[in-house]
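Counting convention: from 1, in listed order, for ligands and their atoms alike. The figures that follow rest on heavy atoms only: side chains count, while hydrogens, waters and symmetry mates do not.
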Amino acid sequence: MEESRIRDFIILGGGPAGVSAAIYAARGMIDCFILDTATLGGQLNWTETIENYPGYLKISGFELIEKFREQLENLNVEIKQFQEIQKVDLTKQVKIIETLEGTYRAKSILIATGANPRKLGVPGEKEFIGRGVSYCAVCDGAFFKEKNITVAGGGNSAIEESLYLTRYASSVTIVHRRDELRASKAYQEKVLNHPKIKFIWNSVIEEIKGNDRAVTDIMVKNVKTGKIEEYKTDGVFPYIGANPNTGLFKGQINLDETGYILTDETMKTNVAGVYAAGDVRKTNLRQLVVSASDGAIAATDAIKYLDEVFEENSIPA
Ligand code: NAP
């Protein structure tokens with residue numbers, strides 16, 4: 001199906017950045033929709049609780065997504081879910097987005113495609129996904145009741161998810177490559193003296209081992225001494241950061257050396273009419289509140305761009 005209509009603004013990604021952009025775009029009376037490869041919410045789908053978003057002392061990811069959905073419905077914003085983007089062409093004034101379901105055209109687009117969990121890249125990781133290796137504590141934590149779990153990483157995600165896993169597990173061992181956590185001080189306080197949480201410092205997981213049913217052991221290397229030791233574990237949750245979902249845009253817009261999209265302070269990329277917002281963008285703080293703010297800024301600038309570049313009712317070349 002090829003849509004003949006040229007939209008004002010197509011938002012790629014229905015996480016907090018995309019949702020916020022849609023709210024601003026709809027209130028700015030421009031013709032837009034959200035396109036997502038999965039459902040609305042992005043990383044909120046696997047976020048247990050949020051305690052640092054203004055207005056909520058505590059809210060679950062799912063509750064916040066429902067509020068997003070309600071707000072978008074109220075503004076009549078269409079959400080096209082489960083649309084795998086195959087190709088984009090950003091080279092002309094009208095941008096083209098091809099999915100398995102259809103081809104869409106827009107005068108401006110927002111890339112808010114987020115980031116995916118980075119893999120450890122060690123033997124056994126791929127083989128044991130679903131049998132002990134998981135990237136989603138909220139989704140899989142309950143399968144590890146009274147088990148001993150290992151988490152890799154020292155950032156906010158590793159700590160947040162370790163705390164969540166203590167609800168189920170007998171013990172959570174955090175393997176971190178340095179002797180100091182990257183996570184915020186507030187998280188460090190919660191975790192450093194937690195009765196169920198242990199640390200293996202200056203170390204990385206070298207291999208994940210198991211039998212035909214589940215993970216049983218990990219090989220851990222001390223990066224200072226080079227010594228490798230075997231530890232018993234029932235599950236491994238890598239939380240070592242994320243890679244931006246920008247493969248489709250490579251060669252068409254400017255990315256940094258790690259693949260994040262470069263923007264200016266109005267979320268413009270180097271291509272006119274193409275914006276980026278949220279975790280996919282090079283930024284020094286990746287938080288829900290930042291994504292929401294990015295989306296609002298991007299949509300506001302896109303409205304200005306549409307006014308300046310496209311005359312009313314004209315079909316651009
Ligand atoms: P992150 O902050 O980049 O932390 C990644 C952690 O993994 C770091 O401790 C890093 O070690 C370690 N690491 C990276 N590559 C590794 C490798 N190949 N092998 C072993 N360890 C490796 O990523 P994140 O924790 O996923 O967080 C992403 C963003 O979301 C951050 O900006 C974070 O603040 C934010 N976030 C915020 C909250 C919250 O505020 N509630 C919750 C979750 C995430 P080094 O420390 O040595 O670099």
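- Other members of the hydrophobic cluster containing Phe199, listed by chain and number, are Phe143, Phe144, Ile149, Val151, Ile159, Leu163, Leu165, Val172, Ile174, Leu181, Tyr187, Val191, Leu192, Ile197, Trp201, Phe237, Tyr239; membership follows side-chain contacts under 4.5 Å among ILVMFWY residues, whether direct or relayed.
- Within 4.0 Å of ligand 1, counting heavy atoms only, the contacting residues are Asn52, Arg118, Gly153, Gly154, Gly155, Asn156, Ser157, Glu160, His176, Arg177, Arg178, Arg182, Tyr187, Tyr239, Ile240, Gly241, Arg286, Gln287.
- Here the CD-CG distance, from Glu78 to Leu72, works out to 11.5 Å after rounding to the nearest 0.5 Å.
- Residue pairs meeting the side-chain hydrogen bond (donor to acceptor under 3.5 Å, both in side chains) criterion with at least one partner in residues 283-303, sequence neighbours excluded, are Asn52-Gln287, Lys268-Asp301, Tyr275-Asp301, Arg281-Asp294.
- Taking a cutoff of 4.0 Å between a charged side-chain nitrogen and a carboxylate oxygen, Arg69 and Glu66 qualify as a salt bridge.
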Per-pair distances, 0.1 Å, donor-acceptor, side chain in residues 108-122, under 3.5 Å, sequence neighbours excluded:
unit_1, atom_1, unit_2, atom_2, d
Ser108, OG, Asp8, O, 2.7
Thr113, OG1, Asn245, O, 2.8
Asn116, ND2, Asn245, OD1, 3.1
Arg118, NE, Asn243, OD1, 3.3
Arg118, NH1, Ile240, O, 3.0
Arg118, NH2, Ala242, O, 3.2
Lys119, NZ, Pro117, O, 3.4

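- The shortest side-chain heavy-atom distance between Ile59 and Tyr53 does not fall under the 4.5 Å cut-off.
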